[in-house]
There are 2 protein chains.
Amino acid sequence: MDQSALFTITYGVYVLTTEVDGKMNGCIINTLSQVTQEPMRVSITVLKENFTNELIEKSNKFSVSVVDKNGSLDTIAHFGYRSGRDVDKFKDMPYVLDELNNPVVEKDCIATLSCKVIKSIDLGTHNMFIAEVVNAKKINDEEPMTYANYRDLKSGKLDQNKEKQSDSKEKAKDVYQCSVCHYIYDGDINFEDLPDDYVCPICKKPKSAFFKVN
Amino acid sequence: MDQSALFTITYGVYVLTTEVDGKMNGCIINTLSQVTQEPMRVSITVLKENFTNELIEKSNKFSVSVVDKNGSLDTIAHFGYRSGRDVDKFKDMPYVLDELNNPVVEKDCIATLSCKVIKSIDLGTHNMFIAEVVNAKKINDEEPMTYANYRDLKSGKLDQNKEKQSDSKEKAKDVYQCSVCHYIYDGDINFEDLPDDYVCPICKKPKSAFFKVN
């Protein structure tokens with residue numbers, strides 16, 4: 001069994017948001033698929049530990065925004081690397097409300113979908129939500145960011161015009177990725193210098209679950 | 001509702017195969033996602049009308065091969081544009097059998113997964129299969145083909161080194177795609193010259209469901 005074969009599956013990068021009783025939150029996911037055309041339905045998969053998952057279980061609705069290939073990584077970092085249990089991610093992030101009252105993120109994104117959950121499937125560590133698309137909107141005609149683009153951007157392999165690389169030493173730093181949830185370490189300290197009890201902020205796996213990205 | 005927003009979702013291109021009672025078949029899908037890491041499970045979505053879907057409903061197992069970005073389009077055409085009800089797709093296609101007795105396609109592919117179905121979800125026009133990955137294999141280190149790459153290859157927008165373009169007039173021909181199942185018309189006759197009762201070979205939608213790809 002060569003687990004790296006699983007890394008050849010193609011994904012996009014999406015901002016997933018929801019709202020329940022006035023509480024809004026969002027996170028980054030890579031699994032979004034259209035599953036049927038008539039009716040227009042999509043599926044998403046979310047780690048159960050995510051606060052956004054907890055909220056969607058109550059709200060039964062969500063918005064997904066398709067991240068722009070040339071968008072800044074700031075929006076991904078804003079939603080991806082910390083929990084809405086600790087911070088209000090919408091305090092300093094522009095959004096518009098859709099007809100389901102989801103906070104829709106358009107910054108660094110090219111399209112948005114507003115979705116009503118019609119089925120939840122318990123997959124153990126994750127929930128899958130099958131949802132009807134009640135509205136779909138193109139923001140512009142840019143290309144979507146693939147998860148491979150994102151990995152390459154983070155590791156400096158992909159040169160993105162808009163990307164600011166003020167520190168060339170930073171660019172040369174080794175990049176480490178969690179083998180479980182694919183989170184890419186983004187801290188200021190070199191990964192090698194992190195304490196031994198460091199755990200992945202997303203899936204809580206130990207430092208040993210990380211591998212060096214070439 | 002702008003349906004084109006749905007076209008910004010990122011997919012890969014995969015050869016899906018199975019075997020039941022000695023009958024083998026395969027088709028092309030674009031929806032494959034890893035859904036959990038422990039246990040290692042994936043999801044696929046298959047049009048119910050597909051013969052491969054009918055076989056998987058009985059076999060409860062399948063293999064998926066990840067198509068190579070630089071692979072020839074022949075393998076996609078071989079599995080994608082006709083039904084196994086009419087032809088034996090494995091008559092002139094090399095394959096190896098995996099431990100589940102699935103015929104695994106390695107030609108023009110970079111990785112393969114052998115999977116046991118653990119849950120089937122009826123989505124109306126499609127079935128979703130959640131499956132445990134019992135084996136995973138890398139064939140080489142090439143990049144996967146994304147569905148966007150495939151569209152660009154078909155329309156001549158993406159120049160692929162290995163692609164053979166013996167007829168430059170062929171390359172300039174307008175490309176038409178089914179808005180429902182995303183099938184790209186591949187026939188020798190110009191799409192415009194097809195009879196009015198032409199239907200999509202995949203989803204059976206009428207000629208009017210096709211749009212011109214830029």
Side-chain angles (χ1 to χ4, degrees), chain A residues 1-14 30-45 47 64 66 68 109-114 119 121 123-126 128 130 133-139 141-149 179-182 203 205, chain B residues 1-14 30-45 47 64 66 68 109-114 119 121 123-126 128 130 133-139 141-149 179-182 203 205:
Chain A
M1 170 88 80
D2 180 355
Q3 295 207 17
S4 71
L6 277 289
F7 295 172
T8 65
I9 300 176
T10 295
Y11 302 99
V13 182
Y14 310 98
N30 58 355
T31 52
L32 166 70
S33 283
Q34 183 170 353
V35 294
T36 57
Q37 173 73 11
E38 291 166 353
M40 199 184 286
R41 287 179 177 168
V42 294
S43 69
I44 59 167
T45 314
L47 192 68
V64 263
V66 180
D68 183 347
C109 293
I110 65 169
T112 67
L113 308 179
S114 296
K119 195 180 177 73
I121 298 153
L123 296 170
T125 54
H126 292 65
M128 178 182 282
I130 310 281
V133 179
V134 298
N135 204 357
K137 184 182 158 189
K138 277 283 279 284
I139 299 168
D141 289 324
E142 298 300 316
E143 280 181 60
M145 183 180 286
T146 66
Y147 200 81
N149 294 152
S179 62
V180 176
C181 71
H182 299 192
C203 70
K205 287 287 175 286
Chain B
M1 170 89 80
D2 180 355
Q3 294 207 17
S4 71
L6 276 290
F7 295 172
T8 65
I9 300 176
T10 295
Y11 301 99
V13 182
Y14 310 97
N30 59 355
T31 51
L32 166 70
S33 284
Q34 183 171 355
V35 294
T36 57
Q37 173 74 10
E38 291 166 353
M40 198 184 288
R41 288 179 177 169
V42 294
S43 69
I44 59 168
T45 313
L47 192 68
V64 264
V66 180
D68 183 347
C109 294
I110 66 168
T112 67
L113 309 178
S114 296
K119 196 180 178 72
I121 299 153
L123 296 170
T125 54
H126 291 66
M128 178 181 281
I130 310 282
V133 180
V134 298
N135 205 357
K137 184 182 157 189
K138 276 283 279 285
I139 298 167
D141 289 324
E142 298 300 316
E143 279 181 62
M145 183 181 286
T146 66
Y147 200 81
N149 294 153
S179 61
V180 177
C181 72
H182 298 191
C203 70
K205 287 286 175 287

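All values below were derived from every heavy atom in this structure, side-chain atoms included, with hydrogens, water molecules and symmetry-related copies excluded. What you see is a predicted model; the values in this text were computed from it and never measured. We name chains A, B, ... by the order of the sequence lines, and we start the count at 1 in each one.
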**Fill in**
Under 4.5 Å to a heavy atom of chain B? For A:L47 that would be neither
**Message:** I'd like to know which of B:T112, B:I121, B:I139 tops the heavy-atom pair count under 4.5 Å against chain A.
**Reply:** B:I121
**Fill in**
Looking only at B:V64, B:V133, B:N135, B:T36, the option with the highest number of non-hydrogen pairs under 4.5 Å against chain A is B:T36
**Fill in**
Cut-off 4.5 Å, heavy atoms of chain A, and the answer for B:T45 is side chain
**Item:** 4.5 Å side-chain heavy-atom contact, A:K205 and B:E38
**Value:** yes
**Request:** Could you tell me which portion of B:E143 (side chain, backbone, both or neither) has an atom closer than 4.5 angstrom to a non-hydrogen atom of chain A?
**Result:** neither
**Fill in**
Note: B:L6 and A:M40 closest approach over all heavy atoms is CD2-SD, 3.3 Å
**Request:** Indicate the atoms forming the closest heavy-atom contact of B:V35 with A:M128, along with that distance.
**Result:** CG1-CE, 3.8 Å
**Request:** Identify which part of A:V42 has an atom lying under 4.5 Å from any heavy atom of chain B, answering side chain, backbone, both or neither.
**Result:** side chain
**Request:** Heavy-atom distances under 4.5 Å only: say whether B:S179 touches chain A with side chain, backbone, both or neither.
**Result:** backbone
**Asked** Given the options A:A136, A:P144, A:G12, A:S33, which has more heavy-atom pairs under 4.5 Å with chain B than any of the others?
**Response** A:A136
**Request:** Determine the minimum heavy-atom distance between B:I9 and A:L32, stating which atoms define it.
**Result:** CG2-O, 3.2 Å
**Message:** I'd like to know if the side chain of A:Y11 reaches the main chain of B:Q34, judged simply by a donor and an acceptor atom lying under 3.5 Å from each other, with no hydrogens or angles considered.
**Reply:** yes
**Asked** Looking at A:K138 and B:S4, what are the two nearest heavy atoms and their distance?
**Response** CG-OG, 3.4 Å
**Prompt:** What is the distance from atom OG1 of B:T125 to atom CD of A:Q37, rounded to the nearest 0.5 Å?
**Reply:** 8.5 Å
**Request:** Starting at CG of A:L113, measure out to CE of B:M1 and round the result to the nearest 0.5 Å.
**Result:** 9.0 Å
**Complete:** Whatever's closer than 4.5 Å to a heavy atom in chain A on B:Y14 counts as side chain
**Prompt:** Taking every heavy-atom pair that is under 4.5 Å apart, which of B:S43, B:S114, B:A111 has the most such pairs with chain A?
**Reply:** B:A111
**Fill in**
d(A:T146 OG1, B:N149 CG) to nearest 0.5 Å is 9.0 Å
**Request:** Pick one of side chain, backbone, both or neither for B:L123, based on which atoms fall under 4.5 Å of a heavy atom in chain A.
**Result:** both
